[in-house]
Amino acid sequence: MEQDKTFYLEKVKEQLTEPRYQHTLGVMETAVKLAERYGADTHKAELAAILHDYCKYWKQDKLEQIILETPHIPDDLIDYGVELWHAPAGAEVVKRDLNVTDEEVLDAIRYHTSGRAGMTLLDKVIWMADYIEPGRDFPGVDEVRKLAESDLDQAMLRALDNTIMFLIQKGKKIYPRTLAARNDLIK
Ligand code: DGI
Ligand code: FE
Ligand code: FE
């Protein structure tokens with residue numbers, strides 16, 4: 001059975017640092033607003049936002065083990081940035097440890113870092129809320145905030161462009177799903 005919001009907030013607080021918990025609250029508020037604006041399920045948006053960074057501070061070897069033992073997580077994720085691992089691993093852990101069964105919520109958690117081709121409205125709401133929550137302060141974020149007031153897909157495209165350019169500047173690998181998420185938004 002699904003628990004109430006305070007249960008999940010307490011559980012996730014145990015997993016995070018205080019600043020990361022504050023980030024989570026920012027994502028939660030922003031996700032609910034975006035869900036209202038674009039007609040996504042506000043309850044699912046709230047739950048996915050609360051749990052999206054559940055495994056952010058889990059040790060690398062634990063995340064690697066979850067990825068390798070979960071059949072539907074591609075093993076090649078291990079060849080890309082460790083920053084990507086907490087998202088798909090987190091979805092498995094909240095399913096296993098917190099009994100979250102809603103696959104739409106789990107997908108939104110799973111793809112909140114990379115995105116994917118064919119993102120659902122809920123996927124986009126969580127991805128975007130993570131990018132623009134009030135605590136975020138990096139170049140280009142205000143432009144994306146503005147776009148997200150009227151056009152979620154344009155905001156997604158701009159934000160993915162920023163992310164990909166940032167990763168290139170840092171000399172990092174781009175995960176194919178991140179590129180697929182961007183390409184899918186170009187008509
Ligand atoms: O967990 P958060 O910090 O709230 O945000 P997030 O889950 O979106 O993670 C952001 C990090 O993920 C940031 O350092 C960039 C990185 N990232 C996103 N897409 C890719 C990526 N890293 C690599 N190497 N490749 C990607 O495609
Ligand atoms: Fe994250
Ligand atoms: Fe986050």
Pairwise ring-ring contact (aromatic ring centres under 6.0 Å, His included) hits with a residue in residues 125-175, at least two apart
Tyr80-Tyr175, Trp127-Tyr131, Tyr131-Phe138
If I compare all heavy atoms of Gly118 with all of Asp184, which pair ends up nearest, and what's the gap?
N-OD2, 2.8 Å
Would you please name every residue forming a side chain to side chain donor-acceptor pair (under 3.5 Å) with Lys11, sequence neighbours left out?
none
Do Arg182 side-chain atoms and Asp161 backbone N/O form a donor-acceptor pair below 3.5 Å?
no
Are any side-chain N or O atoms of Asp123 and backbone N or O atoms of Thr120, one a donor and one an acceptor, separated by less than 3.5 Å?
yes
With sequence neighbours excluded, tell me which residues meet side chain to side chain donor-acceptor pair (under 3.5 Å) with Gln22.
Glu18
So if you build clusters from Ile, Leu, Val, Met, Phe, Trp, Tyr with side-chain heavy-atom gaps below 4.5 Å, do Leu84 and Leu160 land together?
no
Hydrophobic cluster identity match, Leu25 and Val141, side-chain contacts under 4.5 Å:
no
Considering residues at least two apart in sequence or located in another chain, which fulfil the side chain to side chain donor-acceptor pair (under 3.5 Å) criterion with Asp75?
none
So, for Leu16 and Tyr54, which heavy atoms are closest and what is the spacing to 0.1 Å?
CD2-O, 4.5 Å
Test side chain to side chain donor-acceptor pair (under 3.5 Å) applied to Asp4 - qualifying residues, sequence neighbours left out:
Thr6
Does the side chain of Met119 reach to within under 4.5 Å of the side chain of Met128, using non-hydrogen atoms?
no
Restricting to non-hydrogen atoms, name the atom on Ala49 and the atom on Ile126 that form the minimum distance, rounded to 0.1 Å.
N-CD1, 3.7 Å
Going by the rule side chain to side chain contact (heavy atoms under 4.5 Å, CB included), which residues pair with Ile174 if we only count those two or more places apart in sequence or in a different chain?
Ile164, Leu167, Ile168, Thr178, Leu179
Closest heavy-atom contact between Ser114 and Ala181?
O-CB, 4.0 Å
Just by modelled atom types, is the Val12 backbone N or O under 3.5 Å from a matching donor or acceptor in the Tyr21 side chain?
no
With the side chain counted from C-beta on, respond yes when Leu9 and Met28 share a heavy-atom pair under 4.5 Å apart, and no when they do not.
yes
Please identify each residue that fulfils side chain to side chain contact (heavy atoms under 4.5 Å, CB included) with Ala180, with sequence neighbours left out.
Ala117
Side-chain donor/acceptor pairs under 3.5 Å, residues 56-71, sequence neighbours excluded:
unit_1: Tyr57; atom_1: OH; unit_2: Arg20; atom_2: NE; d: 3.3
unit_1: Trp58; atom_1: NE1; unit_2: Gln15; atom_2: OE1; d: 2.8
unit_1: Thr70; atom_1: OG1; unit_2: Ile66; atom_2: O; d: 2.7

Side-chain atoms of residues 104-113: list all donor-acceptor pairs with protein atoms under 3.5 Å, sequence neighbours left out, distances to 0.1 Å.
unit_1: Glu104; atom_1: OE2; unit_2: Lys44; atom_2: NZ; d: 3.4
unit_1: Asp107; atom_1: OD1; unit_2: Arg110; atom_2: NH1; d: 2.8
unit_1: Asp107; atom_1: OD2; unit_2: Arg116; atom_2: NH2; d: 3.4
unit_1: Arg110; atom_1: NH1; unit_2: Glu103; atom_2: OE1; d: 3.2
unit_1: Arg110; atom_1: NH2; unit_2: Glu92; atom_2: OE2; d: 3.1
unit_1: His112; atom_1: ND1; unit_2: His52; atom_2: O; d: 3.4
unit_1: His112; atom_1: ND1; unit_2: Ile109; atom_2: O; d: 2.8
unit_1: His112; atom_1: NE2; unit_2: Asp53; atom_2: OD1; d: 3.1
unit_1: His112; atom_1: NE2; unit_2: His86; atom_2: NE2; d: 3.1

Under 3.5 Å, side chain of Arg145 to main-chain N/O of Glu133, donor-acceptor pair present?
yes
Going by side chain to side chain contact (heavy atoms under 4.5 Å, CB included), name the residues that satisfy it together with Ala40, two or more places apart in sequence or in a different chain.
Ala35, Leu121, Val125
Pairing residues for Glu83 by the side chain to side chain contact (heavy atoms under 4.5 Å, CB included) criterion, not counting sequence neighbours:
Lys172
Consider only side-chain heavy atoms of I, L, V, M, F, W and Y, link residues closer than 4.5 Å, and tell whether Val93 and Tyr8 are in one cluster.
yes
With side-chain contact (heavy atoms from CB on, under 4.5 Å) as the test, would you mind laying out the steps for Asn162 and Glu143 before giving the verdict?
CA-CA 11 Å; Asn162 290 347; Glu143 262 187 306; 5.8 Å; no
Identify each donor-acceptor pair in which a side-chain atom of residues 147-157 lies under 3.5 Å from a protein atom, sequence neighbours left out, and give them as a table.
unit_1: Glu149; atom_1: OE1; unit_2: Lys146; atom_2: NZ; d: 3.3
unit_1: Asp151; atom_1: OD1; unit_2: Asp153; atom_2: N; d: 3.2
unit_1: Asp151; atom_1: OD1; unit_2: Gln154; atom_2: N; d: 3.1
unit_1: Asp153; atom_1: OD1; unit_2: Lys124; atom_2: NZ; d: 2.7

Take Asp130 and Arg136 through the side-chain contact (heavy atoms from CB on, under 4.5 Å) test and state the conclusion after the steps.
CA-CA 9 Å; Asp130 192 24; Arg136 295 294 207 194; 3.1 Å; yes
List the steps and the verdict of side-chain contact (heavy atoms from CB on, under 4.5 Å) for Leu47 and Asp102.
CA-CA 10 Å; Leu47 181 56; Asp102 187 318; 5.7 Å; no
